[in-house]
Number of protein chains: 2
Amino acid sequence: MVKKARGAQRREESLSRDRIIEASIEILDSRGEDGLTFRALAERLATGPGAIYWHIANKSDLLTAACDAIVARTLEACVAGATPQATIRALALGMFDAIDAHPWVGSALTDAPGHLPIVRIFERIGQQVRALGAAEDTHWAVASALLSYVLGVGGQNAANGQLARTRGLDRSDFLETMSTAWSQLDPDEYPFARSVAEQLRDHDDRMDFLAGIDLILKGIDAKR
Amino acid sequence: MVKKARGAQRREESLSRDRIIEASIEILDSRGEDGLTFRALAERLATGPGAIYWHIANKSDLLTAACDAIVARTLEACVAGATPQATIRALALGMFDAIDAHPWVGSALTDAPGHLPIVRIFERIGQQVRALGAAEDTHWAVASALLSYVLGVGGQNAANGQLARTRGLDRSDFLETMSTAWSQLDPDEYPFARSVAEQLRDHDDRMDFLAGIDLILKGIDAKR
DNA sequence: ACCTGAACACCGTTCAAGT
DNA sequence: ACCTGAACACCGTTCAAGT
């Protein structure tokens, strides 16, 4: 019962799956995906690399578990809206912001199909799709489309943010640079990209993301 | 002018960026993303790992270049349909199939935001969005939504396929297994996933993908 | 200009040995 | 049961040295 209160150099709590996951999230957030190594993790936990394997199967397991922790918290924080549509928007936006804050979650989700974190999100979206009252046999396809959209756009946005950070730019500087590059593309080969270079400069990823969600929701509506 | 016709052990053509990319695609297709190493590539090209760095900046550059080669071919093979809607469907389906055939293209695309292959796809989709005749100031958001959807769903589908292959199952065995697992989920926590387990078993990823595209296209239509 | 291949600084993972 | 840390079999990348 009595914990050894002594030994400032030693760990205060014993190793556990949860502590390992917590430490992983901190490393992933501060040093990015490449920063998470078993050696770095072991050092932070004041142990050896081998010890971690007692609690975690391998690196992919570790990443999925860290990802699931973020997803679980995010979904918990999402409260239901007045309508299924509003709830779907809230869920989607919640995930978008979570992936933006933890870019590694984006790739972890795409690399873990069928795993717990994905099923969690799918379930929450699906319950709202059902509440929309669409035909039963379309539930799967509609929920899948929404899930894929959320993960797809969320991931792209996070990748963009990381690219900007890599180049040491903030969001608006980055958009400025990219917009300028696009406006100088070959007019014959890239007329469209050139023509939207302005919109690129001033756009708001978060709002565009929501616009896409609304597009899909409208599509569902139009189908009924 | 005269090529050395001799030396069966030696390379017939000298090293070039194109030959390196071609060999990379072959390795990626046959041995997967993890199979592509500079050592394996060097061996196939009958040279040393260092030689590759004369033509390629680094591994990320190599992956993007290989990805771009697939994308360029895929888009070239996509002929225009009777309507912008039909062309968008053809482009989307072409990319879906390409990512399905070359799963590594999915992750390469998500990891290379703003790079050539992405801009190529975006341009082609965008031209059709413009042809749809929607309001000019929505072009960016609509084209972005479509692009993200295509990459998102395509990537998810490819990841699923790889997961199935990892477990040594074919598509329908895999769906069978997953459907059964879902039907046994906790009814209180995962009511929706349980209820669509049947649809999961019989669904066709390709058709669901198209259904999502149509949903978005309908949403655009409803907005006008 | 282009290629060679040894060397460097890492990885994830295992496993005998300890407590 | 849980932890240690050296060791193994790899990586991507560099660079002096060659042609």
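For the numbers below, each heavy atom of this structure counts, side chains included, while hydrogens, waters and symmetry mates do not. Below, chain A is the first sequence line, B the second, and so on; all start at residue 1.
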Response to the item:
For DNA chain C, the dot-bracket notation using Watson-Crick and G-U wobble pairs below 3.5 Å, [ ] for pseudoknot-type crossings and | for other-strand pairs, is ||.|||||...|||||.||
Practice prompt. List for me each residue that meets side-chain hydrogen bond (donor to acceptor under 3.5 Å, both in side chains) alongside Glu189(B), sequence neighbours excluded, and say none if there are none.
Written response: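 side-chain hydrogen bond (donor to acceptor under 3.5 Å, both in side chains) list for Glu189(B), sorted by chain: empty.
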Practice prompt. Only counting residues at least two apart or in another chain, list the ones meeting side-chain hydrogen bond (donor to acceptor under 3.5 Å, both in side chains) with Gln128(A).
Written response: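 Once residues adjacent in sequence are excluded, Gln128(A) has no partner under the side-chain hydrogen bond (donor to acceptor under 3.5 Å, both in side chains) criterion.
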Worksheet item: Which ring pair (Phe, Tyr, Trp, His ring centres under 6.0 Å) pairs, counting each pair once, include a residue from residues 172-192 of chain B, with sequence neighbours left out?
Response: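 Of all non-adjacent pairs touching residues 172-192 of chain B, those that pass ring pair (Phe, Tyr, Trp, His ring centres under 6.0 Å) are Phe122(A)-Trp182(B), Phe122(A)-Phe192(B).
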Worksheet entry | Pairs satisfying ring pair (Phe, Tyr, Trp, His ring centres under 6.0 Å), at least one member in residues 41-68 of chain A, at least two apart |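 As it turns out, the ring pair (Phe, Tyr, Trp, His ring centres under 6.0 Å) pairs with a partner in residues 41-68 of chain A, which skip direct neighbours, are Phe38(A)-Tyr53(A).
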Contacts under 3.5 angstrom, residues 164-171 of chain B side chains, donor-acceptor by atom type, not counting sequence neighbours:
| unit_1 | atom_1 | unit_2 | atom_2 | d |
| --- | --- | --- | --- | --- |
| Thr166(B) | OG1 | Gln162(B) | O | 2.7 |
| Asp170(B) | OD1 | Ser172(B) | N | 3.3 |
| Asp170(B) | OD1 | Asp173(B) | N | 2.9 |
| Arg171(B) | NH1 | Asp205(B) | OD2 | 2.5 |
| Arg171(B) | NH2 | His203(B) | O | 3.4 |

Worksheet item: With side chains defined as the heavy atoms from C-beta onward, is the minimum distance between Leu109(A) and His115(A) less than 4.5 Å?
Response: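 Side-chain contact under 4.5 Å: no.
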Worksheet item: Between residues 31-44 of chain B and DNA chain D, which residues have a heavy-atom gap below 4.0 Å?
Response: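 Here the set is Leu36(B), Thr37(B), Phe38(B), Arg39(B).
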Item to complete: Pull out every residue in residues 48-55 of chain B that has a heavy atom closer than 4.0 Å to any atom of DNA chain D, ordered by number, or say none.
Response: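 Nucleic-acid contacts, sorted: Gly50(B), Tyr53(B).
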Nearest-Å distance for atom pair [atom1]/[atom2], residues [X] and [N]:
X: Leu62(A); N: dG12(C); atom1: CG; atom2: P; answer: 10 Å
X: Leu63(B); N: dG12(D); atom1: CG; atom2: P; answer: 11 Å
X: Ile56(A); N: dT13(C); atom1: CD1; atom2: P; answer: 11 Å

Worksheet item: For residues 40-62 of chain B, which residue pairs qualify under salt bridge (Lys or Arg N to Asp or Glu O under 4.0 Å), counting only residues two or more places apart or in two chains?
Response: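 Applying salt bridge (Lys or Arg N to Asp or Glu O under 4.0 Å) to every pair that reaches into residues 40-62 of chain B, excluding sequence neighbours, yields Arg17(B)-Asp61(B), Glu26(B)-Arg44(B).
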Discussion item. Considering only residues two or more places apart or on different chains, which pairs with a residue in residues 95-120 of chain A satisfy salt bridge (Lys or Arg N to Asp or Glu O under 4.0 Å)?
Written reply: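 Output for this query lists Asp68(A)-Arg120(A), Asp97(A)-Arg206(A).
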Discussion item. Can you list everything that forms a side-chain contact (heavy atoms from CB on, under 4.5 Å) with Ser16(A)? Sequence neighbours excluded, please.
Written reply: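 Expected list: Asp18(A), Arg19(A).
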Fill in: Nearest-nucleotide pick for Ser14(B), side chain only, options being dG12(C), dC3(D), dC3(C)
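Nucleotide nearest to Ser14(B)'s side chain: dC3(C).
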Worksheet item: Around atom CG of Asp34(B), are there more than 12 heavy atoms of other residues, nucleotides or ligands at under 6.0 Å?
Response: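 Open.
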Practice prompt. Specify the residue among Ser16(A) and Asn58(B) whose closest nucleotide of DNA chain D lies further upstream toward the 5′ end.
Written response: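 Closer to the 5' end of DNA chain D: Ser16(A).
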Per-pair distances, 0.1 Å, donor-acceptor, side chain in residues 142-151 of chain A, under 3.5 Å, sequence neighbours excluded:
| unit_1 | atom_1 | unit_2 | atom_2 | d |
| --- | --- | --- | --- | --- |
| Ser144(A) | OG | Trp140(A) | O | 2.9 |
| Ser148(A) | OG | Ser144(A) | O | 3.1 |
| Tyr149(A) | OH | Phe209(A) | O | 3.2 |

